[in-house]
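Quick one: the structure is below, questions incoming.
Throughout, protein chains are lettered first and strands after them, A, B, ... in sequence-line order, and every chain is numbered starting at 1.
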There are 2 protein chains.
Amino acid sequence: MATSRPTHSFKTPCEQCPLRPLPHFREFTGDELGFISKFKKGELAADAGATILVEGAHSAHLFTVLTGWGFRYKALEDGRRQILNYIMPGDLIGLQGTIMGEMQHSIEALSPVSLCVFERDKLMTLYNKHPSLAFDITWMAAQEERMLDEHLLSIGRRTALERAAYLIAFLYQRGKQLNLFNGHSAIPITQQHIADTLGLSIVHTNKTLKKLAARKLIRWQERACEVLDGETLAKIAGWDGLDDKVRPFL
Amino acid sequence: MATSRPTHSFKTPCEQCPLRPLPHFREFTGDELGFISKFKKGELAADAGATILVEGAHSAHLFTVLTGWGFRYKALEDGRRQILNYIMPGDLIGLQGTIMGEMQHSIEALSPVSLCVFERDKLMTLYNKHPSLAFDITWMAAQEERMLDEHLLSIGRRTALERAAYLIAFLYQRGKQLNLFNGHSAIPITQQHIADTLGLSIVHTNKTLKKLAARKLIRWQERACEVLDGETLAKIAGWDGLDDKVRPFL
DNA sequence: CGCTTAGTTGAGTTCGTTCAACGACTGTGG
DNA sequence: CCACAGTCGTTGAACGAACTCAACTAAGCG
């Protein structure tokens, strides 16, 4: 399995961050931007399939996803795996490990991923000197909590078809907010990942996805899911969708 | 259904908070305590069964649970309900609503509950003047995220018996940390609540609980679950248990 | 060329569901 | 005081959703 590797060669200055111009993210003051720039230590690149963070590790760092898709998961001792949520550009990862000492979940890259690395030691400085950014971190933690609430509702109470529809609609909407699709709306994921997210077996996941495909809501590609009709997917799940407010990130 | 009502008659001073002496909670500086005392606006009492916060409401306040048990939940349009997590003394609630405008879940009391009410408007002051408390709020959000991760793993990947064992062991450990049991370790919950937490039907939940009772791990009471052997429950679920570090609260 | 990974499909089994009925207990109104 | 309804827990029977097992295609790679 491929592992992540540091990229010393290049550090995108925060002032030229490709994410900031997106309408989805809030504007920052020069002061905030200046601090974040100093807070940022470097960049890290991970290949598709690489483990970015591993459960049990005493993570030294905090990361923001710059590009790529990944997922957080936990596993039982006998290998049963549950995907908890997906990570995309702008998402903060490693907060649990930074704040509470030890990671309780692992993170793996779905596509090639690049990350901004922040210095854990400067986190207290951030809280002391930049309360607006501290508030942003809390905002992001609350947002993550909200997504987990939705996922829990989905796994606990929706049928297999509804669950699959919800998950794909969710990933589709998130991807669209971040401008991750150019024309073809393909989510880089295998059916095994979907199964591990929905709490279903691979076989049943496959049969469920076929039903969605038969309705022309999705189309399955090499190793990706193309979304043809996100609205109907959301409707099948009885899901309201994400709110479109501008959000912070580091 | 009973509703919550304000208690104007009495406001416990934070300096005499019954929770602070517990070894489970971290010590606070006089400065921090002074601010929290000013931050606290009053108290609120809710009867068992009362709805404390409702999905969709623009919550004006932030609360800390002083006494009692409750739960957070979400429901689908057709009534299917999923319990997301339980609330106990020291837990902060209403953060999502305060930070992001609108509550996305409801909260209901399991037993009579009393709450400290904080002024939402002073939250920015907290972030500006008391970074250590701001950090505490982030800590609590991250902790909630961690619990949701565990629940997700449980519902997604554990069998009915393992799920039930995990849930009861979890509630038992939390209750014990907070000194909520005096001799008899009874969790004030109905089988319907357990079913709505585990994502199972009431009938199958009942049959599953009977298996645990047959093994003398639990005993079912009037409207509560008495835990006889929390260790074995955790072992059945393959669950490591909560960490016992001291934690913050407001 | 064999080897691995991802996706597909059918057959039989198991786990959890729904439907239904019943006992115990509580509170309410006549 | 009793009759009645409501909640909570319990149990059996029949059904269905999702699982495991197994076999097979197609694509990618050393």
Separation of D:dA18 atom C1' from B:Arg158 atom CZ, nearest Å, is 20 Å
Ranking A:Arg157 and A:Leu209 by the position along DNA chain C of their nearest nucleotide, the one closer to 5' is A:Leu209
Between B:Thr190 and A:Val203, name the one whose nearest nucleotide on DNA chain D is closer to the 5' end.
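That would be B:Thr190.
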Taking only N and O in the side chain of B:Asn206, is any of them less than 4.0 Å away from OP1 or OP2 of D:dT10?
yes
Q. Per the side chain to side chain contact (heavy atoms under 4.5 Å, CB included) rule, which among A:Gln192, A:Gln191, A:Lys207 passes with A:Ile202?
A.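 Option passing the side chain to side chain contact (heavy atoms under 4.5 Å, CB included) with A:Ile202: A:Gln192.
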*To the nearest angstrom, how far is A:Glu222 atom CD from C:dG7 atom P?*
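Distance, rounded to whole Å: 10 Å.
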Donor-acceptor contact below 3.5 Å, side chain A:Arg247 vs main chain A:Gly90
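Yes; judged by distance alone, with no hydrogens or angles, the pair exists.
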To the nearest angstrom, the NE2-P distance between A:His204 and C:dG12 comes to 18 Å
Margin query: Centre-to-centre under 6.0 Å for A:Tyr86 and A:His193, is that the case here?
Written below: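 No: the rings miss the under 6.0 Å criterion.
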Gap between atoms CD and C1', on B:Gln191 and D:dT11 respectively (whole Å)
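That distance rounds to 12 Å.
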Whether the side chain of B:Ser106 engages the backbone of B:Glu55 through a donor-acceptor N/O pair (distance < 3.5 Å, no angle test) should be reported. yes
| request: Give, for atom CD of A:Glu145 and atom CD of B:Gln143, the distance between the pair rounded to the nearest 0.5 Å. | output: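 Result: 11.0 Å between the selected atoms.
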Rounded to whole Å, CD1 of B:Ile189 lies from P of D:dC8 at a distance of 12 Å
Open item on the list: Categorize B:Lys207 for me: base, sugar-phosphate, or nothing, with a 4.0 angstrom heavy-atom threshold over every strand shown.
Closed with: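 Counting heavy atoms under 4.0 Å across all strands, the contact made by B:Lys207 includes a base.
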- Query: Nearest to the side chain of A:Trp220, which nucleotide is it out of D:dA18, D:dA22, C:dG7?
  - Reply: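 The closest nucleotide is C:dG7.
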B:Lys210 NZ to D:dC8 C1', in whole Å, measures 13 Å
Separation of D:dA18 atom P from A:Arg163 atom CZ, nearest Å, is 7 Å
Nearest-nucleotide 5' precedence on DNA chain D, A:Arg223 against A:Ser201 |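 Its nearest nucleotide being more 5', the pick is A:Ser201.
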Open item on the list: Rounded to whole Å, how long is the line connecting atom CD1 of A:Ile202 with atom P of D:dC21?
Closed with: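 Computing the A:Ile202:CD1 to D:dC21:P distance gives 14 Å.
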For B:Glu144 and B:Asn85, which I'm curious about, is there any donor-acceptor pair between the side chains at under 3.5 Å? yes
- Query: Reckon B:Leu200 touches a base, only the sugar-phosphate, or nothing at all at heavy-atom distances under 4.0 Å?
  - Reply: sugar-phosphate
Check: Between the two end axes of the helix from C:dC1-D:dG30 to C:dG30-D:dC1, each built from 5 base pairs, what angle do you get to the nearest 10°?
Finding: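 Taking the rotation axis at each end, their angle is 30°.
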- Message: Any donor-acceptor pair under 3.5 Å linking the side-chain atoms of B:Glu43 with those of B:Thr12?
- Response: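 Result is yes, a qualifying pair exists.
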